[in-house]
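What you see is a predicted model; the values in this text were computed from it and never measured. Throughout, a chain's letter reflects where its sequence line sits, starting with A, and its residues are numbered from 1. Side chains are part of it too, since the values below use all heavy atoms of this structure and drop only hydrogens, waters and symmetry mates.
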Amino acid sequence: MHIDSGDTTWVLVAAALVMFMTPGLALFYGGMVRAKHVLGMLMQNFFCLGLVSVLWAAAGYSLAFGGDNAFVGNFAFAGLHHAVRVAPAGFALTIPPLLFMAYQMMFAVITPALITGAIADRMRFNAWVWLLTLWSLLVYSPVAHWVFSPSGWANRLGALDFAGGTVVHINAGIAALACVLVLGRRQGWPNRPMPPHNLPLTMIGTGILWFGWFGFNAGSALAANGLAVQALVNTHLAAAAAMLSWLVAERAKQGHATTLGAASGAVAGLVAITPCAGYVGGMAPILIGAIAGIVCFFAIDLKHRFSFDDSLDVVGVHLIGGITGSLLLGLFADKSVNPAIVHEGLFAGGGVRLVWFQLVVVVATLAYSFLMTMLIIKVLDKVLPGGVRVTEEDEEAGLDLTQHSEVGYSLLT
Amino acid sequence: MHIDSGDTTWVLVAAALVMFMTPGLALFYGGMVRAKHVLGMLMQNFFCLGLVSVLWAAAGYSLAFGGDNAFVGNFAFAGLHHAVRVAPAGFALTIPPLLFMAYQMMFAVITPALITGAIADRMRFNAWVWLLTLWSLLVYSPVAHWVFSPSGWANRLGALDFAGGTVVHINAGIAALACVLVLGRRQGWPNRPMPPHNLPLTMIGTGILWFGWFGFNAGSALAANGLAVQALVNTHLAAAAAMLSWLVAERAKQGHATTLGAASGAVAGLVAITPCAGYVGGMAPILIGAIAGIVCFFAIDLKHRFSFDDSLDVVGVHLIGGITGSLLLGLFADKSVNPAIVHEGLFAGGGVRLVWFQLVVVVATLAYSFLMTMLIIKVLDKVLPGGVRVTEEDEEAGLDLTQHSEVGYSLLT
Amino acid sequence: MHIDSGDTTWVLVAAALVMFMTPGLALFYGGMVRAKHVLGMLMQNFFCLGLVSVLWAAAGYSLAFGGDNAFVGNFAFAGLHHAVRVAPAGFALTIPPLLFMAYQMMFAVITPALITGAIADRMRFNAWVWLLTLWSLLVYSPVAHWVFSPSGWANRLGALDFAGGTVVHINAGIAALACVLVLGRRQGWPNRPMPPHNLPLTMIGTGILWFGWFGFNAGSALAANGLAVQALVNTHLAAAAAMLSWLVAERAKQGHATTLGAASGAVAGLVAITPCAGYVGGMAPILIGAIAGIVCFFAIDLKHRFSFDDSLDVVGVHLIGGITGSLLLGLFADKSVNPAIVHEGLFAGGGVRLVWFQLVVVVATLAYSFLMTMLIIKVLDKVLPGGVRVTEEDEEAGLDLTQHSEVGYSLLT
Amino acid sequence: MKLVVAVIKPFKVDDVKAAVQELGMQGLTMTEVQGYGRQRGHTEVYRGAEYTVDFVPKIKLEVICEDGEATSVAERIIAVARTGKIGDGKVWITPIDDVWRIRTGEAGSDAL
Amino acid sequence: MKLVVAVIKPFKVDDVKAAVQELGMQGLTMTEVQGYGRQRGHTEVYRGAEYTVDFVPKIKLEVICEDGEATSVAERIIAVARTGKIGDGKVWITPIDDVWRIRTGEAGSDAL
Amino acid sequence: MKLVVAVIKPFKVDDVKAAVQELGMQGLTMTEVQGYGRQRGHTEVYRGAEYTVDFVPKIKLEVICEDGEATSVAERIIAVARTGKIGDGKVWITPIDDVWRIRTGEAGSDAL
Ligand SMILES: Nc1ncnc2c1ncn2[C@@H]1O[C@H](COP(=O)(O)OP(=O)(O)O)[C@@H](O)[C@H]1O
Ligand SMILES: Nc1ncnc2c1ncn2[C@@H]1O[C@H](COP(=O)(O)OP(=O)(O)O)[C@@H](O)[C@H]1O
Ligand SMILES: Nc1ncnc2c1ncn2[C@@H]1O[C@H](COP(=O)(O)OP(=O)(O)O)[C@@H](O)[C@H]1O
């Protein structure tokens with residue numbers, strides 16, 4: 001195995017960047033909740049860095065990348081056994097295998113963190129700890145195996161997902177929906193105003209997310225080559241175009257282009273380009289981004305239409321954005337950008353086959369993740385003393401005080 | 001063309017770092033305005049990431065780097081046509097050409113963003129959108145062509161600008177002045193106190209800017225070599241020395257060394273070292289930084305002397321800092337640091353020739369950018385319904401509410 | 001000397017990341033003090049970037065890495081003389097020597113910055129400037145020489161410190177204690193409540209620190225190889241495990257897992273893994289982190305037991321965490337991870353020799369740093385007009401107003 | 001003229017505002033305050049240090065009204081702001097000598 | 001003794017403070033409040049959800065003065081705080097039984 | 001019924017609260033205010049621009065009590081809040097017509 005120092009550096013950096021996205025997400029979400037819940041939100045996210053990392057080393061990595069079963073990994077790499085020297089089957093790496101483990105670890109950390117946006121302000125911290133443990137091992141690792149492992153059935157099928165459109169965004173998005181359905185709405189929603197308490201904090205998070213996403217998407221090339229460059233360019237342009245299209249839609253519908261809209265649009269574009277990043281080129285990322293921006297802008301209204309309190313729009317942005325990107329990839333995937341593509345997209349002359357494969361994997365992810373998450377959270381609600389939701393009084397008083405015995409701001413002492 | 005994975009990684013990272021500077025700048029400025037304008041400021045900056053990126057891919061890159069005309073590019077790379085495989089004429093790259101496009105894109109984004117500091121709190125968002133579009137294509141791209149493209153007249157002349165002293169800082173700084181002259185002063189300035197509303201936010205921005213500037217300056221080597229290292233060292237030392245000299249001046253004049261002064265000094269040093277970063281060595285960066293810190297400290301008083309409301313001192317820091325650096329380069333440019341230098345600086349024994357060339361390019365940039373910006377903003381003021389400036393009531397109520405229908409903070413819900 | 005572009009990129013990035021840690025530390029600490037002292041805290045930290053960088057170029061680097069004396073460097077590299085082309089004796093670098101200087105500069109900057117957490121809210125800024133100058137040259141450089149320079153006695157002894165457990169954390173931690181003993185307690189401590197004024201700010205800082213620490217530890221491999229990867233993985237897992245163990249201890253003792261606890265635990269783990277990062281493997285980082293989390297959680301109570309006001313727990317986290325890591329390395333150091341190890345740890349079959357060497361270096365650092373710091377601060381207290389501590393009224397009014405003539409927040413204008 | 005002052009739980013503000021409006025009052029002034037009373041505060045913990053916070057966030061509302069309206073305004077507020085749990089707050093009435101509308105200079109009833 | 005209370009637009013604070021000072025008042029106390037009245041609030045939009053905010057930021061000033069000065073203080077405030085637009089605010093006067101200066105314990109006029 | 005109002009230095013709040021409690025008062029309401037008076041404010045400097053801030057942060061406490069208790073409450077506050085330095089603040093008493101406890105509807109003394 002040849003180790004290239006340039007490639008190694010790029011993936012080291014990419015791993016660091018993806019790690020940084022979880023604090024970024026914490027701030028992005030943290031600014032959007034009310035002040036009394038800000039630490040609850042930050043904590044749910046930062047805690048993923050602690051718990052999921054250890055679980056990943058212990059078993060999660062092995063369940064995702066060990067062995068060559070089509071549906072789930074094995075325990076060959078459990079406890080990082082062999083992980084220093086042996087790459088997972090099917091990978092021809094030019095980086096140390098342990099770095100692949102580390103890079104994937106950061107994905108495992110941020111994926112469940114995405115869910116916290118939907119369940120904002122009302123889950124007991126204790127319940128989150130258990131949900132996180134079970135979801136990480138029983139949902140994330142298997143789905144990652146399907147799609148990212150060369151032996152996974154989705155990967156074998158020829159479906160494409162460059163950096164986690166299904167594994168990360170659809171997976172977390174549909175899990176978020178399941179959680180919300182069990183948890184119920186925040187008290188007072190949708191009548192009581194629940195404006196973001198600190199939008200500058202959200203914008204800090206947005207900046208960090210955008211920055212980190214270069215590691216997320218371009219790092220997925222696992223080398224510092226033309227593909228990584230294409231992925232970085234696609235990522236940036238899709239975010240930019242989605243920001244614009246979201247703002248245009250917003251301006252047209254409500255008369256103002258908002259700061260939160262700019263941030264939301266950018267994230268929608270980043271989500272949609274994630275599966276496509278290393279498979280499309282030219283102006284396609286701008287198109288994909290622009291479509292995602294508009295689609296997600298209208299999708300965030302679903303929760304009002306169907307009356308489920310997806311508090312910070314994880315369904316509208318990550319689930320719908322992820323589906324949008326995964327399906328558009330069926331149209332735009334282009335062998336001239338990436339020769340590893342087996343079936344090209346419709347517009348590149350590959351017919352509808354790829355669209356169909358993409359759809360199959362999307363539906364399978366939706367079904368598996370939804371049902372498993374539903375099962376997990378319903379069991380937890382039964383089994384945990386006090387259930388998964390905080391009491392009415394605690395919700396009123398805020399997660400910060402009741403779950404963590406802290407307050408976010410004491411500006412006047 | 002040989003692609004080096006180490007160089008590619010470095011420029012990938014540098015591009016990401018320069019991207020991160022725009023959110024950093026947003027926070028740097030955002031903390032300095034009053035609370036009711038914070039989102040307006042953040043939005044003007046983040047919006048550059050959306051709009052300018054798309055414009056750059058569509059035409060801006062081509063106008064800056066296409067063809068071999070001395071004054072402006074052509075449309076050869078428009079819509080990213082050929083940009084994946086073909087490097088602009090005159091570049092011997094060891095990185096994928098598309099990465100050069102991406103890296104330069106981040107410069108195109110942040111340059112107009114610098115202007116927002118001068119026009120704080122009083123421009124209609126709609127006007128900003130148009131100003132940004134026109135300025136980006138009609139001012140930024142041509143000036144970038146002059147200086148950065150090997151076929152540009154300034155480049156051919158032998159004038160030096162390593163990472164954008166003229167293209168970025170002088171260009172944005174003088175444009176800021178033109179905008180301010182047309183827009184007029186904020187209501188109540190200079191009598192009504194307008195203290196920064198959130199200096200910790202400004203310090204977050206300062207940290208991000210400093211961090212990102214390593215990508216800006218050291219990335220401009222376009223390779224991971226000794227030159228990049230020298231540029232990084234120069235960047236850091238100039239920022240450090242300028243922080244110190246600004247604080248000393250401030251302490252001497254007003255009795256206190258302030259936090260905002262530390263941040264401002266560092267930025268002044270970063271600005272001044274930008275043109276010099278790959279052309280000077282030894283203790284020269286410390287000298288350049290120290291001079292810039294003092295010069296800019298006194299330059300921020302110009303606005304009071306001449307009564308123009310350059311709200312957050314874009315003229316004082318970027319224009320004067322950029323000129324200081326560009327001219328000092330005429331003294332310090334040193335072939336032993338960078339053999340690509342044609343005419344050495346005065347102190348390196350090259351005579352006054354380089355000083356003279358630097359002056360020519362500075363003056364040309366000042367003249368072109370000032371006149372074009374003036375033209376653009378005056379036309380916009382005529383053409384746009386409502387002109388470029390918000391109404392008195394809207395200014396009083398704040399950009400956040402009136403332009404974006406949002407408020408920055410709701411700490412008490 | 002062969003320069004590898006991949007290695008060069010990695011250390012360029014690592015230097016940038018370590019630079020970014022100082023602003024991160026500023027925010028981490030800044031959020032924990034009361035609102036009226038926030039700028040004082042930010043300033044003390046940012047100022048290190050200015051002052052220490054210049055001192056390092058002028059003399060500090062040379063005192064740490066010049067020559068081959070066992071106890072202290074010489075002036076061979078003073079003013080960066082020769083530093084561009086000549087690596088310090090004993091280093092076989094694959095990166096430009098000047099980059100080594102830059103990378104080490106960032107360590108020299110952040111180490112004294114750690115002290116600010118202990119002396120929060122009561123030191124005159126003027127005194128900090130002097131303390132910083134003297135400490136940097138008289139304490140940091142010599143101790144760095146002992147441990148990091150191949151000619152240093154600790155290095156020759158065979159004691160291990162991969163990235164600064166002794167040089168950075170123990171050194172700063174014990175110096176912090178010395179400062180606190182001279183400065184005395186904050187007025188009202190421990191009876192008056194002094195809650196953190198802005199925990200989201202602290203969490204931003206935590207995210208940046210964690211991110212930057214990858215540069216700190218994995219960058220210390222000075223190359224993009226398997227060792228760097230192992231160091232990155234160890235760093236991340238130790239932080240994660242320490243977060244968990246701190247939270248478990250906290251929950252057990254006081255009934256709540258707090259956000260500040262999560263941040264503190266992560267930092268404790270990062271501190272403890274610092275000396276070990278390139279010397280241990282497998283699940284050892286999880287063990288080391290978990291132990292450090294618990295040890296530091298209980299160590300922060302020392303200040304109450306012994307009534308010294310280590311305001312933000314520099315002793316509890318950095319001193320005790322650093323000692324914990326340095327000694328545990330005596331148990332876990334493993335030649336199969338890093339063949340450069342001379343004496344293996346106890347558990348790897350190397351007997352108690354390494355434990356003993358580690359202990360010797362820890363004690364020597366404690367003794368030297370404590371005595372020198374004590375001397376410096378006592379002399380300053382005598383020599384400086386006004387001494388080292390602010391007046392009672394100024395402490396009450398806050399460092400922001402009295403030392404810097406600024407306020408952190410003006411949210412209501 | 002009378003000034004009716006109410007210290008209430010923050011989440012009751014909208015209901016009370018609506019109720020006062022229904023009684024024909026055209027305006028009111030609201031202040032964020034901290035209340036201390038029978039209702040317990042809470043405990044915060046930062047790195048092991050426990051702080052007891054006795055004050056609870058409350059909202060103070062002030063309504064100027066005619067002498068004859070004061071009691072009914074007070075009673076309406078009491079009815080709407082009540083949750084029955086400790087900490088619901090107080091309502092009191094104080095006399096006012098005179099009141100003016102700044103915009104017009106109108107005094108007394110016309111000022112409201 | 002009387003307490004003159006004024007609820008005014010925030011940007012008028014400095015002018016009013018100066019005017020009151022000119023009348024010989026040595027001090028005043030200011031509170032940030034939220035006003036509800038004829039002046040319309042504004043609408044905020046976050047990801048499509050529109051919130052109407054009825055309250056408008058105002059400043060409340062309190063000036064203690066001699067019985068005889070109260071009306072002239074009130075009139076002066078009215079004159080200076082007026083912009084003629086809706087939302088200029090109210091001024092009212094309430095009786096005070098007694099007042100002390102904490103520093104010295106002085107009571108009545110001497111306390112001011 | 002009387003309302004005792006005190007404007008004091010912020011760091012005296014806990015002491016005053018304790019003192020008032022010792023006198024048997026069951027509650028009080030606190031507001032963050034800005035005071036202007038003999039005590040000088042401070043100067044801030046931002047990039048060379050100097051701003052003088054005249055207002056000083058103060059805390060306003062309001063205690064409702066029986067007519068007979070008002071003076072002793074006021075005196076106790078004066079004693080405890082005093083530092084002897086300029087800016088210690090003021091205490092004043094105003095009449096109250098009636099007071100109710102929202103939770104129970106009790107009026108007068110029973111409301112306290
Ligand atoms: N004597 C008092 N003077 C002024 N305000 C009071 C007084 N007693 C209570 N309050 C206010 O009323 C609020 C509620 O009082 P509390 O004793 O907690 O509950 P309740 O009114 O239901 O008995 C307090 O938080 C405080 O703001
Ligand atoms: N009845 C009232 N009681 C107490 N405050 C009032 C009352 N009516 C109005 N206010 C205060 O006066 C402010 C201005 O009143 P508004 O009706 O908007 O305008 P105007 O006084 O010019 O008619 C309000 O924001 C509110 O703070
Ligand atoms: N005439 C007044 N009316 C209302 N509040 C006043 C008045 N004079 C002073 N105050 C309040 O009392 C505080 C202290 O007053 P100041 O004149 O500074 O000191 P002192 O009371 O010790 O003479 C002021 O900050 C202000 O809040």
#### Entry: Electrostatic pair F/Asp110:F/Arg101 at N-O distance under 4.0 angstrom
no
### Task
Just give me the residue among F/Ile93, F/Val33, F/Ile78 that pairs up with chain E most often, heavy atom to heavy atom, under 4.5 Å.
F/Ile93
### Query
Can you tell me if F/Arg82 uses its side chain to pair, donor with acceptor, with the backbone of E/Arg103 under 3.5 Å?
yes
## Note on the structure
Whatever's closer than 4.5 Å to a heavy atom in chain E on F/Gln39 counts as neither
### Query
What residue, out of E/Thr31, E/Thr104, E/Ile102, has the most heavy-atom pairs lying under 4.5 Å from chain F?
E/Ile102
### Query
Just by modelled atom types, is the F/Thr83 backbone N or O under 3.5 Å from a matching donor or acceptor in the F/Asp88 side chain?
yes
### Query
Relative to chain E, which segment of F/Lys85 carries a heavy atom at a distance below 4.5 Å: side chain, backbone, both, or neither?
backbone
### Task
With side-chain hydrogen bond (donor to acceptor under 3.5 Å, both in side chains) as the test, would you mind laying out the steps for E/Glu66 and E/Ser109 before giving the verdict?
CA-CA 7 Å; E/Glu66 307 279 349; E/Ser109 311; 2.6 Å; yes
### Message
Given heavy-atom pairs under 4.5 angstrom as the criterion, report whether the side chain, backbone, both or neither of F/Lys90 touches chain E.
### Response
both
## Note on the structure
When every non-hydrogen atom of E/Cys65 is compared with those of E/Leu112, the smallest separation belongs to CA-CD1, 3.8 Å
### Query
F/Ala6, F/Gly89, F/Gly87: which one forms the most heavy-atom pairs within less than 4.5 Å of chain E?
F/Gly89
### Top of E/Glu106, E/Gln21, E/Met1 for chain F proximity - count of heavy-atom pairs under 4.5 angstrom
E/Gln21
### Query
Knowing that exactly one of F/Val73, F/Val4, F/Leu61 qualifies, which makes a side chain to side chain contact (heavy atoms under 4.5 Å, CB included) with F/Leu28?
F/Leu61
#### Entry: Proximal component of F/Ile86, with respect to chain E [non-hydrogen, under 4.5 Å]
both
### Query
Between F/Tyr36 and chain E, which part of the residue has a heavy atom less than 4.5 Å away: side chain, backbone, both or neither?
both
### Query
Do E/Lys58 and E/Glu32 sit within salt-bridge range, that is, some charged N less than 4.0 Å from a carboxylate O?
no
